[in-house]
Amino acid sequence: TAAEGAVEFADLAYDVAGTASLTYTSAGLSSCVQTLTVSIGLPAKLTITRQAAGATGGSAFTTQPLVAVQDAGGNTVTSDSTSTVSLAVAGTLSGTALTTVVNGVA
């Protein structure tokens, strides 16, 4: 909304952690740029970052799975080193099926 020569924005959100450049423009006026630092949000979901592969009955997978703890924007929560992640499958699974996250990754 505009009032007394100023414009106020509402409900803006940005979901990529890091530095963002916000560029403000309006026809007939010179633009301006603001640098904004976006922090990683709270843990919200698990995401597979490397899928298990090379499964042969009774042998360890040749490629072990990797799971990341992410915020709602899909950023890995690197400050998380306490959550635990478990793996389940129908049938018998051998090996370590419960692990603790290190820097947001298990």
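Counting begins at 1 with the first residue of the sequence. Model, not experiment: these values are computed from the prediction.
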Please write out which residues are connected to Val85 in a hydrophobic cluster, directly or through intermediates, given that two of Ile, Leu, Val, Met, Phe, Trp, Tyr count as joined at side-chain heavy-atom separations below 4.5 angstrom. Ile40, Leu46, Val67, Val69, Val77, Val101
Could you tell me the separation between the CG atom of Asp15 and the CG atom of Asn75, rounded to the nearest 0.5 Å? 7.0 Å
Hey, what else clusters with Val105 if you join Ile, Leu, Val, Met, Phe, Trp, Tyr whenever side-chain heavy atoms sit under 4.5 Å? Leu66
Nearest heavy-atom approach of Gly54 to Thr62 is CA-OG1, 3.2 Å
Tell me which pairs pass side-chain hydrogen bond (donor to acceptor under 3.5 Å, both in side chains) where either residue lies in residues 28-39, with sequence neighbours left out. Tyr24-Gln34
Let's go through Arg50 and Thr63 carefully: what are the C-alpha distance in whole Å and the side-chain angles of both, what is the deciding distance for side-chain contact (heavy atoms from CB on, under 4.5 Å) to 0.1 Å, and is it a yes or a no? CA-CA 8 Å; Arg50 183 177 64 214; Thr63 302; 3.7 Å; yes
When you look at CG of Leu98, are more than 12 heavy atoms from neighbouring residues, nucleotides or ligands closer to it than 6.0 Å? yes
Flag yes if Val38 and Leu42 sit in one hydrophobic cluster, no otherwise; membership is Ile, Leu, Val, Met, Phe, Trp, Tyr, and two members link when side-chain heavy atoms are under 4.5 Å apart. no
Of all heavy-atom pairs between Thr76 and Ala68, which one has the smallest distance, and what is that distance? OG1-CB, 3.9 Å
Main-chain N/O of Phe61 paired with Gln64 side-chain donor or acceptor, under 3.5 Å: yes
Is the closest side-chain heavy-atom distance between Leu93 and Leu87 below 4.5 Å? yes
Phe9 reachable from Tyr14 in the ILVMFWY side-chain graph, under 4.5 Å edges: yes
Taking the side chain as every heavy atom from C-beta outward, state whether Ser81 and Asn103 have any pair of such atoms under 4.5 Å apart. yes
Supply the atom-to-atom distance Asp80 CG to Gln70 CD, rounded to the nearest 0.5 angstrom. 12.0 Å
